[in-house]
Number of protein chains: 2
Amino acid sequence: MGEGSAAARGSRTASARLLAVLDAFDAEHRALTLSALARRAGLPVSTAHRLVGDLLAWGGLERGDDGLLRVGLHLWEVAALAPRTIGLREAAAPSMGDLYEATHENVQLAVRDGLEVVFVERIAGRHAVPVLTRVGLRFPMSATGVGLVLLAFAPREVQEEALSSPLERFTERTVVDPRRLRSMLADVRRRGIAVSDRQVTMDALSVAAPVRGPDGDVVAALSVVVQADGAGPRTLAPAVRTAAAAISRALAR
Amino acid sequence: MGEGSAAARGSRTASARLLAVLDAFDAEHRALTLSALARRAGLPVSTAHRLVGDLLAWGGLERGDDGLLRVGLHLWEVAALAPRTIGLREAAAPSMGDLYEATHENVQLAVRDGLEVVFVERIAGRHAVPVLTRVGLRFPMSATGVGLVLLAFAPREVQEEALSSPLERFTERTVVDPRRLRSMLADVRRRGIAVSDRQVTMDALSVAAPVRGPDGDVVAALSVVVQADGAGPRTLAPAVRTAAAAISRALAR
DNA sequence: AGCGGACTTTCCGTCAGGCGGAAACCCTGG
DNA sequence: CCAGGGTTTCCGCCTGACGGAAAGTCCGCT
């Protein structure tokens with residue numbers, strides 16, 4: 001016992017409360033009123049009020065002209081110091097640009113966090129297929145191209161854990177059978193490339209390749225997303241693989 | 001009395017302490033040991049230890065294989081929700097790419113926060129002049145090209161405040177005379193373009209133009225940084241201006 | 001105007017829980 | 001083997017966080 005919003009409330013630490021305020025924001029709720037925020041964070045308004053005040057003073061939140069609360073610039077500044085974010089982005093940008101030039105499709109870079117992938121950078125073609133992903137977004141590993149790569153090269157324990165929980169289904173083609181997935185992963189490791197064919201949406205297909213850090217372990221994955229019936233993976237694979245390799249080289253320096 | 005690290009300690013609010021932990025990180029200190037962090041944050045280790053524990057659990061910090069603490073991915077995810085960050089980036093990316101294609105020089109996008117500019121995005125040419133700026137970095141407004149633009153179009157009060165405090169000098173050519181600066185700003189407003197000629201470093205020159213939001217107010221500034229003795233501002237201005245206008249148009253949609 | 005509702009801000013008494021000194025623990029290098 | 005750095009745990013004191021409540025503010029609606 002002890003769970004349930006009411007009970008949980010009182011037994012939260014001060015930091016947890018502050019962080020809950022930040023967690024009240026997500027892609028669908030980028031701007032909140034104080035009370036909406038309090039509701040979402042599971043806090044009494046008066047408490048939220050004080051915490052928000054602290055965050056406003058610090059720059060972690062900002063109040064727009066419309067009076068709504070949004071995530072502030074200062075938070076972003078700090079966050080920009082995260083490894084696997086700016087540094088990775090900077091190293092990857094030129095090669096991603098090249099890849100975009102070559103394909104004019106969505107080019108994405110993602111890293112693994114726990115059992116999920118987080119998209120760190122993306123070049124969205126003006127005319128490319130619209131995709132669900134966005135920078136800063138989190139996705140389960142099993143479906144996307146980048147996810148397959150990152151899972152294939154993840155430590156044993158992570159793989160086991162990912163395979164043991166039920167796999168989320170997005171389309172009729174999403175692979176949800178662990179045995180099937182396991183063999184796909186072996187394939188990815190062997191070929192150094194992953195293809196997610198209509199496993200996320202029925203109109204898109206992605207081709208991904210691993211990006212390696214200085215010491216050879218896979219730190220990120222690069223992918224290109226194309227129309228499912230367009231140029232096949234066959235032709236894209238080499239380009240993605242070389243671009244990923246170029247990023248790995250840039251990281252080594 | 002009352003100031004000085006010791007006295008200040010006790011009189012801090014819980015949130016302030018947590019935020020101080022985050023502030024312990026900066027561009028020169030991206031990875032810290034617990035005690036170094038405590039020192040920088042002005043907190044007793046035991047306190048820092050607990051706060052760090054909370055942040056680790058939340059994902060605001062992460063501990064590397066080397067045992068050092070770094071800013072965590074989850075913080076970045078939240079920060080990515082900040083307006084004038086990802087959204088702006090996404091809107092600006094294509095035009096910035098075009099501008100880079102045209103010039104092959106550093107292309108930068110910045111917004112104003114208080115009396116400073118924060119660089120939000122940058123395309124670093126492989127062969128372009130090395131510059132001091134980096135994404136996530138903060139600079140005083142008076143020297144850089146983007147700063148001049150953002151200051152020129154800032155609200156009256158901001159301008160007054162910026163002009164009333166002494167201007168930081170970077171090179172012998174940095175403008176530090178408020179009267180001189182004031183006339184430069186008028187010029188920027190009139191021409192819709194700002195040139196910072198060797199005001200930050202003696203080898204670089206930047207040309208900047210305003211990016212406007214849907215309601216016409218200046219929300220960001222776009223700039224190109226080139227070798228001080230290279231192609232003059234004369235030739236760059238049109239390109240920068242058009243690219244900035246294209247971004248403004250993208251934002252309007 | 002007058003009213004109801006939703007949000008924000010302030011106030012304050014209570015008491016949970018944060019705070020931090022100190023000591024134990026754990027390295028690594030001399 | 002010890003010295004010096006870091007990390008982690010423990011625990012009693014007491015501060016300052018907590019949140020209910022009420023006042024203040026700003027709508028839109030009739």
Side-chain angles (χ1 to χ4, degrees), chain A residues 1-25 28-72, chain B residues 1-25 28-72:
Chain A
M1 39 41 266
E3 85 304 46
S5 59
R9 263 194 213 179
S11 64
R12 250 197 274 183
T13 116
S15 329
R17 270 181 265 256
L18 188 68
L19 299 176
V21 168
L22 292 179
D23 272 331
F25 294 88
E28 284 79 46
H29 303 85
R30 299 189 185 212
L32 295 172
T33 137
L34 175 63
S35 32
L37 188 157
R39 209 167 346 184
R40 287 179 53 82
L43 294 170
V45 261
S46 58
T47 300
H49 181 256
R50 179 174 37 85
L51 296 175
V52 164
D54 292 346
L55 280 167
L56 284 172
W58 184 69
L61 293 181
E62 46 192 49
R63 193 188 292 278
D65 304 331
D66 50 6
L68 295 181
L69 297 164
R70 288 167 230 270
V71 176
Chain B
M1 34 73 231
E3 86 303 41
S5 58
R9 264 193 213 179
S11 65
R12 250 196 278 183
T13 128
S15 329
R17 270 180 265 256
L18 188 70
L19 300 176
V21 168
L22 293 179
D23 272 331
F25 294 88
E28 284 78 45
H29 303 86
R30 300 189 184 213
L32 293 172
T33 139
L34 175 63
S35 30
L37 188 156
R39 210 167 317 129
R40 286 178 55 81
L43 294 170
V45 261
S46 59
T47 300
H49 182 255
R50 180 175 37 86
L51 296 175
V52 164
D54 292 346
L55 281 167
L56 284 172
W58 185 68
L61 293 182
E62 47 193 46
R63 194 188 292 278
D65 303 333
D66 50 6
L68 295 182
L69 297 164
R70 287 167 231 270
V71 177

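In what follows, chains carry the letters A, B, and so on, assigned in the order in which the sequence lines appear, proteins first and then strands, with residues in each chain numbered from 1. A quick note: this is a predicted structure, and the numbers were derived from the prediction, not measured.
- Considering only residues two or more places apart in sequence or on other chains, A:T33 meets the side chain to side chain donor-acceptor pair (under 3.5 Å) condition with A:S35.
- With axes fitted over five pairs at each extremity, the angle between the ends of the helix from C:dA1-D:dT30 to C:dG30-D:dC1 is 40° (10° resolution).
- Separating the CG atom in B:L55 from the CG atom in B:L37 is a distance of 9.0 Å, to the nearest 0.5 Å.
- Checked against side chain to side chain contact (heavy atoms under 4.5 Å, CB included), A:A38 has the following partners two or more places apart in sequence or in another chain: A:V45, A:A48.
- When the side chain to side chain donor-acceptor pair (under 3.5 Å) test is applied to A:R50, no partner is found at least two apart in sequence or on another chain.
- The phosphate of C:dG18 has neither OP1 nor OP2 within less than 4.0 Å of any side-chain N or O from B:T47.
- Atoms CG and CZ, from B:D66 and B:R63 in turn, are 10.0 Å apart once rounded to the nearest 0.5 Å.
- Residues that satisfy the side chain to side chain contact (heavy atoms under 4.5 Å, CB included) test with A:D65, not counting sequence neighbours, are absent from this structure.
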Reading 5' to 3' through nucleotides 25-30 of chain C, protein heavy-atom contacts under 4.0 Å coded B for base, S for sugar-phosphate only, - for none: ------
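- When rounded to the nearest whole Å, the span between CZ of B:R50 and P of C:dA16 equals 17 Å.
- Counting only residues at least two apart or in different chains, ring-ring contact (aromatic ring centres under 6.0 Å, His included) contacts with residues 39-65 of chain B comprise B:W58-B:H74.
- Counting only residues at least two apart or on different chains, no salt bridge (Lys or Arg N to Asp or Glu O under 4.0 Å) pair has a member in residues 29-39 of chain A.
- Interatomic distance, CZ of B:R17 versus CG of B:L51, reported as 8.0 Å (0.5 Å rounding).
- Residues meeting the side chain to side chain contact (heavy atoms under 4.5 Å, CB included) test with A:A16, sequence neighbours left out: A:R12, A:T13.
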Report each atom pair, protein N/O against N/O of nucleotides 6-13 of chain C, whose distance is under 3.5 angstrom.
{"residue": "C:dC7", "atom": "O5'", "partner": "A:S35", "partner atom": "OG", "Å": "3.2"}
{"residue": "C:dC7", "atom": "O3'", "partner": "A:T33", "partner atom": "OG1", "Å": "3.2"}
{"residue": "C:dT8", "atom": "OP1", "partner": "A:T33", "partner atom": "OG1", "Å": "3.1"}
{"residue": "C:dT8", "atom": "OP1", "partner": "A:L34", "partner atom": "N", "Å": "3.0"}
{"residue": "C:dT8", "atom": "OP2", "partner": "A:T33", "partner atom": "OG1", "Å": "2.9"}
{"residue": "C:dT8", "atom": "OP2", "partner": "A:L34", "partner atom": "N", "Å": "3.1"}
{"residue": "C:dT8", "atom": "OP2", "partner": "A:S35", "partner atom": "N", "Å": "2.7"}
{"residue": "C:dT8", "atom": "OP2", "partner": "A:S35", "partner atom": "OG", "Å": "3.0"}

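- As rounded to whole Å, 19 Å separates atom P of D:dG5 from atom CG of B:L37.
- Atom CG in A:L55 sits about 13 Å away from atom P in D:dA17, given to the nearest Å.
- Checked against side chain to side chain contact (heavy atoms under 4.5 Å, CB included), B:A31 has the following partners two or more places apart in sequence or in another chain: B:L68, B:R70.
- Computed from coordinates, the B:R17 CZ to D:dT15 P distance equals 12 Å when rounded to whole Å.
- To the nearest angstrom, C1' of C:dC19 lies 13 Å from CZ of B:R12.
- Regarding A:L18, its CG atom lies at a distance of 13 Å from the P atom of C:dG18, rounded to whole Å.
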